Each structure stands twice: as C-alpha cells, then as structure tokens.
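What follows is one structure encoded as structure tokens, with my remarks underneath.
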Number of protein chains: 2
Amino acid sequence: MSLWVDVLGREGHRITRSRRAVMEVLADAQAPLSPQMICERGRKRHPSLGLVTVYRTLDLFEDLGLVMRVHHGAGCHGYVLSSPGHRHVVLCDGCGRAEEFVGADDLDGLIDRVEGHTGYRIDGHLLQLAGLCPVCQA
Amino acid sequence: MSLWVDVLGREGHRITRSRRAVMEVLADAQAPLSPQMICERGRKRHPSLGLVTVYRTLDLFEDLGLVMRVHHGAGCHGYVLSSPGHRHVVLCDGCGRAEEFVGADDLDGLIDRVEGHTGYRIDGHLLQLAGLCPVCQA
DNA sequence: CCGTTTATTGAAAGACATTTTCACTAGTCT
DNA sequence: AGACTAGTGAAAATGTCTTTCAATAAACGG
C-alpha cells in the first residue's frame, strides 16, 4: 500500500473512495491541478465525488504534508503531490508541468543573512522556481 | 514627483485620482493589504473610489512591477509595494508586517544547481520568508 | 461475516471574491 | 478651452470557497 494510506491510518483518518480518487488523480497529473479539475477527473474513478469533498480532502492532505499548494501568477490555486522532504517545485512556463527539487540547504545561508539584517526570526519559507522544462526548450 | 508617476507616464497611462489613492494607501501600509482593504482606505482620500477600479489598478501596477502580490497560507491575496530590485518579502506571523529584503544573489547558486539537476532553464522565482519581526519576538 | 459507531460525504444554500458590461467622467494633448 | 479617449464606477454576472445537515460507508468488535 502506498505512503498516503499509512499516513492517514496513523493519524486516525479513514481511507475512503473519495480520498483515494483525489490522491490517484494527483498522482497521475504532471502539472498542478485546481480543485475543480481534480473533481472532474476524480469523477472518472468515483462518479459521486463532490467538489466540497475535494476541498476538504485537499485541506486534510495539505495538513498531513501529502500535497502542497502551488502559486501561479494569476489565481494561485494549484495542488501537486509532495514527497516528504521535497518542499519546492519548478513550474514549466511552457507546458505547466511541475517538478520537485531538493535544495532547502542553499537557503540556510540566505536565511541567516536575512535574520541578521532584519532582526526577524525566520521559521518558514515559500520558494518556487519557474522556467522551461527540457522538452519545452525545443 | 515619485517613481510610479514616471513609470505610468512613460508607458502612456494616465495619472488619475484613483491610481494616486491606491498608491498612497500602499505606501502608507506596513502590511500586505487586500483589494477590499485598499478600497476602504482609499476612499478616505478619494471617496468615489470603486472596488472594481482597485482591482484594475492593482493588475496594472503589478504588470508595471510597482506592486507585488504576496501569498499567505490561506487566501493568497495581499499586495505590497515593490521597490525596483527588491523582489522578496519577509512576513511577520505575529503582526502581519511585510518587509522587503535583498538577497537574490544567494539564489543564483541554487538556481544553477537546479538547472543542472533538472534540465530546466530557470527564468523566474517566487521567494517569501515568514517569521517573527523583532517587535513580535518580545 | 454482520451490525454498530461515527467519521465522512454530497447537495443545496450561503458568503465572498473577482470580472464583465456600459454609460459617464476626467486626464491629456493641442 | 475643447476634443479625444483612457479610465471610472455601479450593477449584474460569474466564480470560488464554505457552511449546514441528513444520508452514507469505513472501521471495529463480536
């Protein structure tokens, strides 16, 4: 069984058809999906899936770190799967594909410097890169 | 005259009471403001200011790089002034204050590495830090 | 395997947020 | 000052997200 099933079980949440549908849709997608899109695609797997449930499921999954929210320029409401430890994505301007990358380490230096300059105590960050994926460069 | 007046003029946009009101409200604010909030405060300066115009003005200002959109966890709809060259903000979890910082330089190394690993050609990024400002740490 | 318990669901209605439309207003240029 | 046209604001339309609540279906014990 996959990771998300374990995580839900461990936290005392049930494994339902709706949640499975949402998770599978996200696993199949290469690009961030809006709740609407997730609902639409999810209905192919679980026809009675409701939009309300998609919203609730995404909130839950986000809390559990199974999914992460991605911010576009306009309308910042996309979701992608997030593997544990990978907290950032690169988005392709061409095809919309989203890909995770590691590299929080490089931020530590920057964060230290900002703490020094501003006096803030930094405890969180949001980092997203955008560009063209190898395919779209052709 | 201030920078934004020049920028608008150069691009062939008019300097109107509405735009001036929006710009002044943002200049006075220390934290990101929602369109509603901007409209409300703007009406103290230009009573007939409409919410529709605030939306249009923010879009325009964002295109011109005069203003930047800030992303919260929930409901990512705040705007702050952006000085040229300063492209990032730290948000205070306590009081909501937003402060710009420089430090894109540190990202260059990270971006190079990600380009190497993923094959993407990176041409943009979104970086925001969150934490507690000096005041709120007390 | 079957019934019980209770988290989860989905439809409808509601609350906001954002966009479109269009007649009118007011910057800007001459 | 007058003409031209970008810009404005109210109303209505459209979207997005949340709340409510009776019905459903996971999970667990027998």
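Below, chains carry the letters A, B, ... as their sequence lines are ordered, and counting in each starts from 1. Only this structure's heavy atoms are used, side chains among them; waters, hydrogens and symmetry mates stay out. A quick note: this is a predicted structure, and the numbers were derived from the prediction, not measured.
- In this model, no side-chain donor or acceptor of R19(B) finds a partner on the base of dG27(C) within 3.5 Å.
- We find that CG of L58(B) is positioned 15 Å from C1' of dT8(D), with the value rounded to whole Å.
- Within the 4.0 Å cut-off from OP1 or OP2 of dA25(D), not a single side-chain nitrogen or oxygen of T16(A) is found.
- OP1 or OP2 of dG9(D) sits under 4.0 Å from a side-chain N or O of T53(B).
- Put simply, S18(A) has no side-chain N or O that comes within less than 4.0 Å of OP1 or OP2 on dT8(C).
- The environment of CZ in R17(A) is sparse: at most 12 heavy-atom neighbours from other residues, nucleotides or ligands sit within 6.0 Å.
- Taking only side-chain nitrogens and oxygens, H13(B) comes nearer than 4.0 Å to OP1 or OP2 of dG7(D).
- Looking at which nucleotide of DNA chain C each of Y55(B) and I15(B) is closest to, the 5′-most match is held by Y55(B).
- Ionic pairing of R45(B) and D28(B) is present here: one or more N-O contacts between side-chain nitrogen and carboxylate oxygen are shorter than 4.0 angstrom.
- Note: H125(A) and H88(A) meet the aromatic proximity criterion, with ring centroids under 6.0 Å apart.
- In terms of polar N and O atoms assigned as donor or acceptor, the side chain of R56(B) comes within less than 3.5 Å of the base of dG9(D) in a complementary pairing.
- Taking the nucleotide of DNA chain C with the nearest heavy atom to each of D59(B) and G50(A), the more 5' of the two is matched to G50(A).
- Distance CG (D63(B)) to P (dG7(D)): 12 Å, rounded to an integer number of Å.
- Rounded to whole angstrom, the span from the CD atom of E11(A) across to the P atom of dA26(D) amounts to 21 Å.
- Heavy atoms only, all atoms of each residue included: V5(B) and I15(B) are closest at O-CD1, 3.8 Å.
- The base of dA6(D) sits with one of its N or O atoms less than 3.5 Å from a complementary donor or acceptor on the side chain of R14(B).
- Neither OP1 nor OP2 of dT9(C) sits under 4.0 Å from any side-chain N or O of H46(A).
- Candidate nucleotides dC17(D), dT20(C), dG10(C) were compared by shortest atom distance to the side chain of L49(A), and dG10(C) ranks first.
- What separates CZ of R20(B) from P of dG7(D) is a distance of 15 Å, to the nearest Å.
- OP1 or OP2 of dT16(D) has at least one side-chain nitrogen or oxygen of Q36(A) nearer than 4.0 Å.
- As a whole-Å value, the separation of L51(B) CG from dA17(C) C1' is 9 Å.
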